[in-house]
Amino acid sequence: MLAPLAGVVLAALGESGADIPTRDLVRYATTTAVLAGLVGLVTGVIGAAAAWLVVMHRFPGRDLFAWGLALPLAMPAFAVAYGYADLLDVAGPLRVGLREWTGYDLPFEIRTTGGAAFVLSAAFYPYVYLAMRAALLNLPGSALDAATMLGRRGLCAFFTVALPLTRPALGAGVALAVMETLADYGAVRFLSVQTLTTGVVRAWSVYGSTVDAARLALPLLAAAALLLWVERAGRTGRIHESGKSSWRSQQATALRGLPAAAACGFCLLLITAGLLAPAGWLVAQLPLADPDWTRLWRAAGNTVGLSAAGAVVTVGLATLLALGGRTLPMATRLASLGYATPGAVMAIGLLAPASLVWALSAGPGAGLALGLLILAYASRLMAAALEPIDAGLARVNPALPQAARNLGRGEAGTALSVSLPLARGSLLTAGLIVLVDIMKELPATLILRPFNFDTLAVLSSNYALDERLGQAGLPSLMILALSAPAVVWLTLRIESPAQELSR
């Protein structure tokens, strides 16, 4: 897992092969910082508000919104950018119609840092929503009951009781959204916003300099490590638990009239912004496309095969780390560094060790390139798989593995016959999380893929760069169709301890 990170540092120490202007580097860094700050602020507010409404209130459509608010996770961020760029561009139908009917234009440009922040916030707010929803479902009812008895209700109870107790979850969700913002390439490139990630890919693909790409990647690597440290530090010493007997379902407040309509409208607005509007517009453009079905089905097969292989490898390695984590806890912390690292950085870091392998072999064959690509996926997504697996193994009664050892089973036999079968739901959860992430991954695939090997994400990106949005929409919608069932299943698995006990 450390090989790509070490490769970035070693590559940055080499002699530069190109002269990237300093002003470009400053512009990349400034834009990245502003974009990450805006996305963190917006996703934190709307994600926490949506979770509070769904968990603590009853209103029309609440049960549908509970899982529907997570669906934008199945929509690639670059596909959201395609839809809004076509809708809200100067010559887009929405702005043209507005000018014709009212004589006024929108004071908003989508191809700006603010436009990119809007697109990425609409795509990434589910990270905060899911983290806060899980935390609110697990709040002890006694805390909110005490607040109610002391006259703290509604938003006052949220800010004085719920928010301090769920602050680690809010910080973790915002950190995940910011990490994804740092890692994004397809959306910001299409919207012509120059970030450090686009600079990394540009230095490698345009200037042909791995050294300059690695040097641009170092600030991203430092920012990623800082975010991961902040996210971990937020958990330390802030876990509020109680005995299982005190846990019970939260008593939701019924909303009626205008408050109910406002809550329903807010949730519907979030789903529309993150999924329905961009996906609906891409669907509307399909009749204008002339799809190359042979190429599409080949790309779909490549996507499913590569995602499945990456999920199996990542979950297998994460399982080994989780089983050995009690003996070597530092190993799991080091492996988690990759999740905060953009895919483009991982790919650049693997180019240095790959060149040594290519020099000793017949050259960069397709098999070796795919192997490096899967390693890049595993390095970046290890923490995403490790968290649910570790949590699943922690719920296994320690007496059961101990009984297997007393009956003569070794560590491997105990894991295969007792621990892993009992945690199979967590293994499936980890596999689906990794599967969905790999289906949407773009920069690492662009850099490390073999020649003439397209995934749906790569195909969509290539069409979009040629301004063929009708054709770019079809592979994007195919990713959505493949990812949506997994996202819905993962969302429905979030439940409170009281619900677990009732089962």
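Only a predicted model underlies this, so the values are computations on that prediction, with no experimental measurement involved.
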Where do [X] and [Y] come nearest, in terms of heavy atoms and distance?
X: Val434; Y: Ala385; value: CG2-CB, 3.9 Å
X: Val80; Y: Gly274; value: CG2-O, 3.8 Å
X: Leu196; Y: Pro219; value: CD1-CB, 4.0 Å
X: Ala263; Y: Leu53; value: CB-CD2, 4.1 Å
X: Pro4; Y: Met346; value: CB-SD, 3.4 Å
X: Val200; Y: Ala213; value: O-CB, 3.5 Å

### Query
Do we see a donor-acceptor contact under 3.5 Å between the side chains of Ser417 and Arg409?
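Checked: Ser417/Arg409 side chains pair up, N/O donor to acceptor below 3.5 Å.
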### Query
For Ser121 and Thr43, does a side-chain donor sit closer than 3.5 Å to a side-chain acceptor?
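Checked: Ser121/Thr43 side chains show no N/O donor-acceptor pair below 3.5 Å.
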### Task
Run the salt-bridge test on Glu441 and Arg449 with the 4.0 Å N-O cut-off and return the result as yes or no.
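The answer is no: the pair does not qualify as a salt bridge.
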#### Entry: Salt-bridge criterion met for Asp454 and Arg298 (N-O under 4.0 Å)
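Salt bridge: no.
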Test your reading of the model: is there a side-chain donor-acceptor pair from [X] to the backbone of [Y], 3.5 Å cut-off?
X: Thr197; Y: Leu182; value: yes
X: Arg133; Y: Ala50; value: no
X: Ser307; Y: Thr303; value: yes
X: Thr253; Y: His57; value: no
X: Ser460; Y: Ala457; value: no
X: Arg424; Y: Pro421; value: yes
X: Lys440; Y: Phe78; value: no

Could you check whether any side-chain heavy atom of [X] comes within less than 4.5 Å of a side-chain heavy atom of [Y], counting everything from C-beta outward?
X: Leu442; Y: Val458; value: yes
X: Arg62; Y: Phe65; value: no
X: Val174; Y: Tyr127; value: no
X: Phe124; Y: Pro72; value: no
X: Ile271; Y: Leu71; value: no
X: Pro475; Y: Leu296; value: yes
X: Leu275; Y: Leu480; value: yes
X: Leu381; Y: Ile438; value: yes

### Task
Go through the structure and list residues passing ring-ring contact (aromatic ring centres under 6.0 Å, His included) with Tyr185, not counting sequence neighbours.
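Per chain and number, Tyr185 pairs via ring-ring contact (aromatic ring centres under 6.0 Å, His included) with no residue.
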What is the distance from atom [atom1] of [X] to atom [atom2] of [Y], rounded to the nearest 0.5 Å?
X: Leu435; Y: Leu490; atom1: CG; atom2: CG; value: 10.0 Å
X: Leu137; Y: Thr166; atom1: CG; atom2: OG1; value: 11.5 Å
X: Arg167; Y: Met132; atom1: CZ; atom2: CE; value: 11.5 Å
X: Asp437; Y: Leu432; atom1: CG; atom2: CG; value: 11.0 Å
X: Ser483; Y: Leu73; atom1: OG; atom2: CG; value: 9.5 Å
X: Leu420; Y: Leu323; atom1: CG; atom2: CG; value: 5.5 Å

### side chain to side chain donor-acceptor pair (under 3.5 Å) pairs, two or more places apart, involving residues 368-377
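Non-adjacent pairs meeting side chain to side chain donor-acceptor pair (under 3.5 Å): Tyr377-Thr445.
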### Query
Does the pair Asp184 and Arg189 meet the rule for a side-chain contact (heavy atoms from CB on, under 4.5 Å), with working shown?
CA-CA 9 Å; Asp184 182 76; Arg189 181 186 64 169; over 6 Å; no
### Query
Are Leu393 and Ser426 close enough, and set up right, to give a side-chain contact (heavy atoms from CB on, under 4.5 Å), and what steps lead you there?
CA-CA 8 Å; Leu393 291 174; Ser426 298; over 6 Å; no
### Task
Please lay out, stage by stage, how Phe453 and Leu370 fare under the test side-chain contact (heavy atoms from CB on, under 4.5 Å).
CA-CA 10 Å; Phe453 185 92; Leu370 289 176; 3.8 Å; yes
### Message
Quick check on Asn452: does its CG atom have over 12 non-hydrogen neighbours (other residues, nucleotides or ligands) under 6.0 Å away?
### Response
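No, the 6.0 Å shell around CG holds no more than 12 heavy atoms from other groups.
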### Query
Given the rule in the side-chain contact (heavy atoms from CB on, under 4.5 Å) test, do Thr429 and Trp489 qualify, once you have shown the distances and angles that lead to the verdict?
CA-CA 9 Å; Thr429 298; Trp489 186 86; 3.5 Å; yes
